[in-house]
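Proteins get letters first, then strands, A, B, ... in listed order; numbering begins at 1 in each.
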2 protein chains.
Amino acid sequence: MFEPVRDGQGAALFRHEALGVVLRVRGVAERAAELTVLLRRRRRAPFAGVWALPSGSVEADESVGASVRRHLATRVDLAEIAHLEQLETLSSPGRDPSQRTIATAYLGLVPWTNDPQLPENAAWHPIAELPETAFDHAAVIGHGIARLRAKLSYTNIAFALAPAEFTMAELRAMYAAALGHEVAVTNLQRVLERRGQLEATGEHRPSQGGGRPAGLFRFTSQELEVTDPFATLRPASRHHGIER
Amino acid sequence: MFEPVRDGQGAALFRHEALGVVLRVRGVAERAAELTVLLRRRRRAPFAGVWALPSGSVEADESVGASVRRHLATRVDLAEIAHLEQLETLSSPGRDPSQRTIATAYLGLVPWTNDPQLPENAAWHPIAELPETAFDHAAVIGHGIARLRAKLSYTNIAFALAPAEFTMAELRAMYAAALGHEVAVTNLQRVLERRGQLEATGEHRPSQGGGRPAGLFRFTSQELEVTDPFATLRPASRHHGIER
DNA sequence: GCAAAAGTGTTAACTGTACACCCATGT
DNA sequence: ACATGGGTGTACAGTTAACACTTTTGC
């Protein structure tokens with residue numbers, strides 16, 4: 001082990017790392033949609049040459065969230081992220097074999113239309129065929145996917161994976177890829193409209209190669225909202241409730 | 001601001017603090033159940049004399065989760081915690097006015113029957129009448145309560161707030177206090193039984209002062225399980241799904 | 001006209017809430 | 001006997017999956 005650095009009061013000091021699990025659905029237009037995660041090939045040891053989540057050290061005067069944004073912008077040229085939320089903090093003593101590091105992972109989401117030029121050492125990897133990854137990053141990616149799937153069910157988080165306007169067929173393909181199972185358009189539309197997440201723009205997109213022109217839709221909000229709050233054990237409709 | 005301590009590669013180093021939001025329902029037997037959080041009066045600056053969440057510095061060779069357990073055991077004599085899970089990590093540069101500190105908060109749950117002797121500077125505070133608290137702890141407590149309430153709806157997390165055996169009247173009182181609104185016994189029992197969380201022991205508790213003796217129940221599992229996974233957009237029952 | 005894609009309507013199953021009613025015990 | 005608390009049964013409403021059917025376009 002290493003001799004820990006300590007402050008004046010004797011408290012141990014840690015390097016703190018910001019990790020980004022950035023997810024994006026690609027191939028929506030090509031009818032071959034799949035959920036992908038952004039990985040970057042490591043240059044130096046440990047795990048030199050191995051794929052890993054984009055990361056970097058937190059600076060003394062920034063929050064971890066700001067640090068994730070900064071490293072994504074500088075290291076993988078990803079400046080625009082539609083939604084960013086904290087996932088988890090990893091702190092096992094042995095997780096980084098080279099030095100004691102605590103890492104906080106964030107989940108970032110990018111619309112399927114947003115396909116920026118990446119540096120040559122970064123790439124989107126389909127979650128169905130992930131390569132070997134460094135450190136505990138495989139588990140973190142799993143947590144990120146699980147978080148996204150859960151929130152697709154009870155929040156409007158899908159806005160962050162979609163562009164401003166889209167057809168229902170596109171949205172269906174995106175949901176199916178993100179959730180990992182088929183989704184019926186009819187029911188998807190009904191559920192989202194009932195919850196007030198979705199609205200028609202009135203515009204239509206001309207069809208190519210036959211078929212009725214598709215109506216365009218948009219999300220009513222671009223901020224994360226919980227749209228289906230209590231699955232069960234919700235408060236009584238009419239009667240008295242305990243305060244708070 | 002302070003001059004940050006740095007390691008050999010120039011990365012900033014941080015003191016890391018473990019925070020515990022320990023929740024417990026008290027007064028179930030006395031028919032005046034309320035959700036409480038464990039607070040400790042700070043001895044030294046900053047915020048000397050102010051109530052705060054139990055906390056302490058993480059050691060170099062321990063994880064944050066282990067550190068929370070250690071500080072709860074030593075600082076507030078709380079050794080037995082039925083469930084502990086990570087809540088969030090706080091990292092705003094100004095959150096601790098005396099030194100740069102990153103803190104990771106954990107949510108801990110204790111059964112209503114577990115009322116250990118606390119040190120004189122610690123106490124359970126009803127969440128309806130919280131005192132002024134130090135740092136950003138008020139927001140963290142709010143997050144802890146929100147997490148508990150959400151998970152009561154779709155997991156079996158209630159096992160961690162209840163003893164091994166209990167009557168439905170007790171369980172109802174606990175749920176009502178934890179959720180902050182009335183809960184009907186009949187429906188509570190039905191929902192929990194349908195999900196396979198609850199089973200009757202067959203034993204009965206003799207009534208005192210009239211009334212039919214109450215049947216005793218237990219939770220079928222003492223591990224956290226998601227019992228109501230998808231609120232909506234669940235996979236198709238019969239048909240083909242995309243892999244993974 | 002016909003294929004292709006989009007959109008509408010209807011049904012059935014499931015889940016949870018509300019509420020009336022019945023049961024067992026102590027005084 | 002009757003008050004007190006525990007337990008059971010049933011009706012009703014909301015939500016969602018499943019699926020048949022209709023509409024609008026290009027060729």
Side-chain angles (χ1 to χ4, degrees), chain A residues 28-29 31 152-154 166-173 175-176 179 181-217 227-241, chain B residues 28-31 152-154 165-173 175-176 179 181-217 227-241:
Chain A
V28 167
R31 317 248 152 175
L152 280 172
S153 196
Y154 68 92
F166 45 82
T167 67
M168 284 310 299
E170 290 168 346
L171 192 67
R172 188 212 64 79
Y175 263 92
L179 288 171
H181 62 78
E182 278 308 321
V183 174
V185 221
T186 306
N187 299 330
L188 177 65
Q189 183 171 353
R190 233 189 300 259
V191 167
L192 297 183
E193 278 180 342
R194 172 159 36 203
R195 296 182 178 173
Q197 293 186 30
L198 197 67
E199 63 186 10
T201 66
E203 306 286 302
H204 286 259
R205 177 174 300 172
S207 72
Q208 64 258 43
R212 180 171 170 172
L216 290 173
F217 292 80
T227 54
D228 198 23
F230 298 74
T232 178
L233 299 175
R234 48 184 167 276
S237 48
R238 325 190 227 280
H239 293 303
H240 49 286
Chain B
V28 168
E30 298 77 18
R31 316 249 152 172
L152 279 173
S153 196
Y154 67 92
E165 298 193 343
F166 46 82
T167 68
M168 284 310 299
E170 290 168 345
L171 193 67
R172 188 211 64 79
Y175 263 91
L179 288 171
H181 62 78
E182 278 308 321
V183 174
V185 221
T186 306
N187 300 329
L188 177 65
Q189 183 171 353
R190 230 189 303 261
V191 167
L192 297 184
E193 278 181 343
R194 176 158 36 199
R195 294 180 177 175
Q197 294 186 31
L198 196 67
E199 62 185 10
T201 67
E203 306 285 303
H204 287 259
R205 178 174 299 172
S207 72
Q208 64 259 43
R212 179 172 169 171
L216 290 173
F217 292 80
T227 56
D228 199 23
F230 298 74
T232 178
L233 300 175
R234 48 182 168 278
S237 48
R238 328 189 226 279
H239 292 305
H240 49 287

For this session: Take the protein atom CD of A:Q197 and the nucleotide atom P of D:dT16, then report the distance between them rounded to whole Å.
Result: 11 Å

Exercise. From B:T227 OG1 over to B:L198 CG, what is the distance, rounded to the nearest 0.5 angstrom?
Worked result: 11.5 Å

Exercise. Between D:dT15 atom C1' and A:N187 atom CG, what is the distance in whole Å?
Worked result: 11 Å

Problem set entry | Heavy-atom donor-acceptor pair, A:R190 side-chain to C:dT10 base, under 3.5 Å | yes

Problem set entry | For atom CG of B:L216 and atom P of D:dG5, their distance in whole Å | 18 Å

For this session: Can you measure from NE2 (A:H181) to OH (A:Y175) and round to the nearest 0.5 angstrom?
Result: 11.0 Å

Exercise. If you check the A:R195 side chain, which of D:dT16, C:dG16, C:dG7 turns out closest?
Worked result: D:dT16

For this session: Could you check how far CG of B:L198 sits from C1' of C:dG16, rounded to whole Å?
Result: 16 Å

For this session: Calculate the interatomic distance between B:L188 atom CG and C:dT17 atom P; express it in whole Å.
Result: 9 Å

Problem set entry | Contact letters for nucleotides 22-27 of chain D, in which S counts primed atoms plus P, OP1 and OP2 and B counts the base, heavy atoms under 4.0 Å | -BBBS-

For this session: Starting at atom CD of B:Q189, determine the distance to atom P of C:dT17, rounded to an integer number of angstrom.
Result: 14 Å

For this session: Map B:A169 and A:T186 onto DNA chain D by nearest heavy atom, then report which one ends up closer to the 5' terminus.
Result: B:A169

Exercise. With a 4.0 Å cut-off, would you call A:R205 and A:E170 a salt bridge?
Worked result: yes

Exercise. Expressed in angstrom and rounded to an integer, what is the separation of B:R205 atom CZ from C:dA24 atom C1'?
Worked result: 17 Å

Problem set entry | Short side-chain to backbone donor-acceptor contact, A:T201 and A:L216, under 3.5 Å | yes

Seminar exercise, completed: Here the distance between atom P of D:dG5 and atom CD of B:E170, to the nearest Å, is 14 Å

